[in-house]
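Model, not experiment: these values are computed from the prediction. Heavy-atom basis, side chains included; hydrogens, waters and symmetry copies ignored.
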Amino acid sequence: MRASDSPTSSIGGIAAARVAELRETEAATFRKARPKSEAKVGNGMAGFLGGVPMHWMTDWPTPFPILVDGARGATITDIDGNKLDDFCLGDTGSMLGHAPPAVARAIRRQAGRGLTYMLPSEDALAIGPLLQQRFGLPYWQIATTATDANRFALRVARAVTGREKILVFNGCYHGSVDETMVRLIDGKPVNRPGLAGEFRDLTRATKIVEFNDVAALEAALSDRDVACVITEPVLTNSCMVLPEPGFHDALRRLTRAAGTLLLIDETHTISTGPGGYTRKYGLEPDLFVLGKPVAGGVPASIWGMSADVATRYGAYSRTKEPGYSGMGTTLSANPLQFAAMRATLEEVMTEEAYAHMDRLARRLDAGLTAVIERYRLPWHVARVGARVEFICAPRPLKDGGEAEEAHAPELEAAIHVALVNRGVLIAPFHNMMLVSPATTAAQVRRLITAFSAVAARLAA
């Protein structure tokens, strides 16, 4: 018998038997409400490997994927007519809401002019200055995904420093960049468990230390062989870990002292404000990456560099052998991206929108915290701007190791399905909730009420 099957075992402070009962009953409720979806996708979608267009769609904790009919603002409707208040928002891809009117208009306008032609459009003339003003760095490039942008930025970092190694923090998330797919297990750097078809030792060219551990960071940089530290300002893709006071100042000071570049990846932390965590807290990266929401849901990403890095890369380029740089993808910097990105930056990702998002996120934080305290659950809530997360551990986490230990997949899955059955969708792989410009106070209240109902069942 597994430990979680024992009648006395617990998950996140909740009896395992109670978690299993909740999961079973809520799965039945989910199925009953979605007969059309179950008939169409309950046994997998024909023609797709594993029955889904992208393998991680089977990782949703619902009995089968929700088959979406449409989405607008902060609401998703499935083909059975069920409406969900959407706090997942494409795990940040639709952080600014589904089909923002300005972006939809821009897409329709550009669709009649052509979608890609390896040449810039007039929208590109506006985007360069917009990026400079918004994010502070003077030089920018467009890619299609944050993974691409991170990969290209790391290539530049290695080129200008002449160094091979990079450094990441345990628990990091930077898309599918190979070098970042490492973890610390029992203090030892290893390839991240679960990687498919990976035979290389990724730790050969990647150093890994715990987030917030300034001493370990200093030691890792002391050999002066690290080209770049790549980091999120806040660890976000498991259980959220906030930086301790002084950590980012130390990170910037130590990287400069070691001749190491600093890359800030704001793909998730753009929830902090219009210029991301970087602008709000005065970070000074050499390289900057943002994906997902920058074009309102159209696949696009941006990566920028400081004047110093640009000068050094220019000098490198003049001396390197001519040929393919390894930084490209033919569909990057296409006119559809330009149109959607300009509309997003000018009309959607505004100071007013973020003020609304932050106000409601504070209400959500306070409401969830009050529920946790009411039912004396050993959990807590973390927030970075419009991004809120409840964590099934009693206190704030200090690093990726603690975040991994706090993750309670069976409990989180049961809660997720129970919330769906009460009309609320949150992120499937961690307990993340986003507030968009389209989110209403009524939706936040419904989420808090649904969370309270689920908490009451678990704490009974």
Measure the [atom1]-[atom2] distance between [X] and [Y] for me, rounded to the nearest 0.5 Å.
{"X": "Leu290", "Y": "Trp303", "atom1": "CG", "atom2": "CH2", "value": "14.5 Å"}
{"X": "Asp85", "Y": "Met433", "atom1": "CG", "atom2": "CE", "value": "13.5 Å"}
{"X": "Glu266", "Y": "Ile270", "atom1": "CD", "atom2": "CD1", "value": "5.5 Å"}
{"X": "Asn150", "Y": "Thr145", "atom1": "CG", "atom2": "OG1", "value": "8.5 Å"}
{"X": "Trp140", "Y": "Ile302", "atom1": "CH2", "atom2": "CD1", "value": "4.5 Å"}
{"X": "Gln141", "Y": "Leu131", "atom1": "CD", "atom2": "CG", "value": "11.0 Å"}

Looking just at side-chain N and O atoms, do [X] and [Y] make a donor-acceptor pair shorter than 3.5 Å?
{"X": "Ser271", "Y": "Arg383", "result": "no"}
{"X": "Thr269", "Y": "Thr272", "result": "no"}
{"X": "Glu389", "Y": "Asn431", "result": "no"}
{"X": "Thr75", "Y": "Lys83", "result": "no"}
{"X": "Glu412", "Y": "His430", "result": "no"}
{"X": "Asn170", "Y": "Asp399", "result": "no"}
{"X": "Arg387", "Y": "Thr92", "result": "yes"}

Kindly indicate whether the side chain of [X], heavy atoms from C-beta on, has any atom under 4.5 Å from the side chain of [Y].
{"X": "Glu402", "Y": "Glu210", "answer": "no"}
{"X": "Pro65", "Y": "Val52", "answer": "yes"}
{"X": "Val190", "Y": "Val182", "answer": "no"}

Listed by chain and number, what are the side chain to side chain contact (heavy atoms under 4.5 Å, CB included) partners of Arg279, not counting sequence neighbours? Arg134, Pro274, Glu351
Going by the rule side chain to side chain contact (heavy atoms under 4.5 Å, CB included), which residues pair with Pro299 if we only count those two or more places apart in sequence or in a different chain? Thr144
Within a radius of less than 6.0 Å around [atom1] of [X], do more than 12 heavy atoms belonging to other residues, nucleotides or ligands occur?
{"X": "Glu198", "atom1": "CD", "value": "yes"}
{"X": "Leu119", "atom1": "CG", "value": "yes"}
{"X": "Arg395", "atom1": "CZ", "value": "no"}
{"X": "Arg457", "atom1": "CZ", "value": "yes"}

What verdict does the side chain to side chain contact (heavy atoms under 4.5 Å, CB included) test give for Ile66 and Ser37, after you've listed the backbone C-alpha separation in whole Å, the side-chain angles of each residue and the deciding distance to 0.1 Å? CA-CA 7 Å; Ile66 294 169; Ser37 293; 5.8 Å; no
Under the criterion side-chain hydrogen bond (donor to acceptor under 3.5 Å, both in side chains), I'd like the reasoning laid out for Ser452 against Arg374: C-alpha separation, chi angles, the key distance, then a yes or no. CA-CA 9 Å; Ser452 181; Arg374 183 185 314 143; 3.0 Å; yes
Determine the interplanar angle of the His268 and Tyr173 rings, folded into 0 to 90°, and report it as parallel if under 30°, tilted if 30 to 60°, perpendicular if over 60°. parallel
Tell me, which pairs form a salt bridge (charged side-chain N to carboxylate O under 4.0 Å, His left out) where one or both residues lie in [range], sequence neighbours left out?
{"range": "residues 172-188", "answer": "Arg158-Glu179, Asp178-Arg200"}
{"range": "residues 144-153", "answer": "Asp148-Arg151"}
{"range": "residues 97-116", "answer": "Arg105-Glu347"}
{"range": "residues 326-342", "answer": "Asp123-Arg342, Arg342-Glu346"}

Step by step, would you call Arg422 with Glu26 a salt bridge (Lys or Arg N to Asp or Glu O under 4.0 Å)? CA-CA 10 Å; Arg422 288 158 179 78; Glu26 295 296 339; 3.2 Å; yes
Worked verdict on Ser436 versus Thr439 for side-chain hydrogen bond (donor to acceptor under 3.5 Å, both in side chains): CA-CA 5 Å; Ser436 78; Thr439 304; 3.0 Å; yes
For the side chain to side chain contact (heavy atoms under 4.5 Å, CB included) test, which of Val168, Thr180, Thr203 pairs with Ile208? Val168
